[in-house]
2 protein chains.
Amino acid sequence: MENNENMEKKSTIELKELDEETLFMVSQTFKALSDPTRIRILFLLSQKECSVNEIAEDLSLRQSTVSHQLRFLKNLRLVKFRRAGTSIYYSPEDQHVLSLLNQSIDHALHD
Amino acid sequence: MENNENMEKKSTIELKELDEETLFMVSQTFKALSDPTRIRILFLLSQKECSVNEIAEDLSLRQSTVSHQLRFLKNLRLVKFRRAGTSIYYSPEDQHVLSLLNQSIDHALHD
DNA sequence: GTAATATATGTTCATCTGTTCATATTGTTT
DNA sequence: AAACAATATGAACAGATGAACATATATTAC
C-alpha cells in the first residue's frame, strides 16, 4: 500500500495492456539479444556492413553458425542484406533494438 | 565501404570494448527479459509491490514457479524484497532494466 | 512447545537452444 | 554449359531452460 503512485519520472512503466501478442513480441525482441553470439554479430554489424564470411572470421565462428544466427535475426527483421558479387552483405535494420543494446552496454560498462 | 561513418545520431553504437564480462552481463540482462513469465512478473511489480502468493494469483502461476523466477530475478538484482509478517513483498530494484522493458513495450504497441 | 501459513528448494521431465558436420542451393564467372 | 565461391539448410547432439510436484524451511499465531 505504499508503492502505488510512482508513475511520474524515473521511467516507471505506465499502465498499459500487456496482451499475449505484445508479450510475445517483447520477449522475442529480448531473446534476440540474450545470446552472446548474436550480440557480437549485431555489435559488429553496427560498426560495419559485413559479409557472412567476414563475420565468421572477425568473430572466430563457423560459417554455418553465423548463417543460422543471421537467419534468426533476419526473421525478426533485425538485419537486412544486399548481394554484392558472390557475397551477401548484412547490416542492422532495427534502430530500436540497436538502441536497447547500446543502452545495456553503456549501463554494464558504467557499472 | 559505405557504412563507416554513422556514429552521430540515431543512437548507433559507438566503438566500445565488448569484453567477455560485459558481453555476459548484457546477455544475462536481456535473458531476464526474454521470458514471458518474467516479463509479466516484472510488469506487475512495476505497478504494485506484491507478495509471492499475490503474484501467483494475479498471474495464474504456481507458487513454486513464481518463487523460482523471483530467485532468478533476485540473483540479477532486478528485484528486492522485504518481509512483512509471514509474507515477503517484492518490488523492482533495477530502474534501468525497467526502462528497457518500458521502451520495448512502447515500441511493440506502436508497431 | 505445536499448528498454520508463506516461501524456498530439490528433482524430474519435456522442450528449447546453439553448435557442428555434411550437404544442398544459389549466384558468379569463364 | 561447367566450375567455383559464398551462403543456406538439415540432422544430430549436448546443454540450458521452465514448469510441475513434493518437500523443506522459516516465521507467526496459538
Side-chain angles (χ1 to χ4, degrees), chain A residues 1 20 23-45 48-91 93, chain B residues 1 20 23-45 48-91 93:
Chain A
M1 295 285 168
E20 272 305 313
L23 193 59
F24 182 73
M25 284 183 58
V26 170
S27 66
Q28 283 293 105
T29 298
F30 287 122
K31 186 160 299 188
L33 296 171
S34 71
D35 177 66
T37 300
R38 284 193 292 273
I39 293 179
R40 296 210 295 153
I41 292 176
L42 276 177
F43 185 75
L44 177 61
L45 293 182
K48 59 165 184 168
E49 190 190 37
C50 286
S51 71
V52 178
N53 272 339
E54 281 174 358
I55 298 172
E57 286 162 19
D58 282 22
L59 303 181
S60 298
L61 298 168
R62 306 290 172 137
Q63 179 268 325
S64 67
T65 298
V66 174
S67 193
H68 279 301
Q69 297 294 14
L70 285 174
R71 177 166 61 172
F72 185 108
L73 297 172
K74 213 184 332 180
N75 287 340
L76 285 179
R77 314 240 179 219
L78 300 189
V79 296
K80 61 188 175 195
F81 59 95
R82 68 177 176 87
R83 178 173 282 278
T86 125
S87 295
I88 298 185
Y89 284 86
Y90 282 82
S91 54
E93 184 163 22
Chain B
M1 296 287 167
E20 271 306 312
L23 192 59
F24 182 73
M25 284 183 60
V26 171
S27 66
Q28 283 293 105
T29 298
F30 286 122
K31 185 159 300 189
L33 297 170
S34 71
D35 177 67
T37 299
R38 284 191 292 272
I39 293 178
R40 296 210 295 154
I41 292 176
L42 276 176
F43 186 76
L44 178 61
L45 293 181
K48 60 165 182 168
E49 190 189 37
C50 286
S51 71
V52 178
N53 272 339
E54 282 174 356
I55 298 172
E57 286 162 20
D58 282 23
L59 304 182
S60 298
L61 297 169
R62 307 288 172 135
Q63 179 267 325
S64 68
T65 297
V66 174
S67 192
H68 278 299
Q69 296 294 14
L70 285 174
R71 177 166 60 170
F72 184 106
L73 297 172
K74 214 185 328 181
N75 287 340
L76 286 179
R77 314 240 180 221
L78 300 189
V79 296
K80 62 189 176 197
F81 59 94
R82 67 178 176 86
R83 166 159 250 132
T86 126
S87 295
I88 297 184
Y89 285 86
Y90 282 82
S91 54
E93 184 163 23

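The chains referred to below are lettered A, B, ... by the order of the sequence lines, with proteins before strands, and numbering in each begins at 1.
Side-chain nitrogen and oxygen atoms of A/Arg71 include at least one within less than 4.0 Å of the OP1 or OP2 phosphate oxygen of D/dT9. Put simply, B/Thr65 has no side-chain N or O that comes within less than 4.0 Å of OP1 or OP2 on D/dG18. The side chain of B/Tyr89 contributes no N or O atom lying less than 4.0 Å from OP1 or OP2 of C/dT7. Side-chain N/O atoms of A/Tyr90 include none lying less than 4.0 angstrom from OP1 or OP2 on D/dA6. The side chain of A/Arg83 places no N or O atom within less than 4.0 Å of a non-bridging phosphate oxygen (OP1 or OP2) of C/dT26. Here A/Asn53 reaches the OP1 or OP2 of D/dT7: one of its side-chain N or O atoms lies under 4.0 Å away. In this structure, A/Lys31 does not reach the C/dC16 phosphate: none of its side-chain N or O atoms is under 4.0 Å from OP1 or OP2.
Of the candidates D/dT9, C/dG18, D/dT7, the closest approach to any side-chain atom of A/Ser51 belongs to D/dT7. Side-chain atoms of A/Asp35 lie closest to C/dG18 of the nucleotides C/dG18, D/dT7, C/dT20. Looking at the side chain of B/Arg62, the nearest of the listed nucleotides D/dC21, D/dA8, C/dT7 is D/dC21. When the nucleotides C/dT9, C/dA8, C/dG18 are ranked by their closest atom to the side chain of B/His68, C/dT9 comes out on top.
Distance check: B/Leu33 CG to A/Leu33 CG gives 10.0 Å after rounding to the nearest 0.5 Å. Remark: B/Ser67 OG to B/Ile55 CD1 distance equals 9.5 Å, nearest 0.5 Å. To the nearest 0.5 angstrom, B/Ser91 atom OG is 11.0 Å from B/Leu42 atom CG.
To the nearest angstrom, C1' of C/dG18 lies 15 Å from CG of A/Asn75. Atom CG of B/Leu76 and atom P of D/dT17 are 11 Å apart (whole Å). The distance between atom CD1 of B/Ile41 and atom P of D/dA19, rounded to the nearest whole Å, is 8 Å. The CG atom of A/Leu33 sits 12 Å away from the P atom of C/dG18 (whole-angstrom rounding). Per the geometry, CD1 belonging to A/Ile39 stands 14 Å off C1' belonging to C/dG18, to the nearest Å. Counting to the nearest Å, the P atom of D/dT17 and the CZ atom of A/Phe30 are 18 Å from each other. If you take CZ of B/Arg38 and C1' of D/dA19, they are 12 Å apart, rounded to a whole angstrom. Atoms CD (B/Glu54) and P (C/dA6) sit 11 Å apart, rounded to a whole Å.
Within the nucleic acid shown, A/Ser87 comes within 4.0 Å of sugar-phosphate atoms alone, with no base atom in reach, counting heavy atoms only. Here A/Thr86 lies in heavy-atom contact (under 4.0 Å) with sugar-phosphate atoms only. Across all strands shown, B/Gln69 has heavy atoms under 4.0 Å from sugar-phosphate atoms exclusively, and none from any base.
Using a 30° and 60° split on the angle between ring planes, A/Tyr90 and A/Phe81 fall in the tilted class, from 30° to 60°.
Side-chain atoms of B/Val66 and B/Gln63, non-hydrogen and from C-beta on, never get closer than 4.5 Å to each other. Residues A/Ile88 and A/Arg83 have side chains in contact (heavy-atom distance under 4.5 Å, counting atoms from C-beta outward).
Take the nearest nucleotide of DNA chain D for B/Gln28 and for B/Gln63: the residue whose nucleotide is more 5' is B/Gln28.
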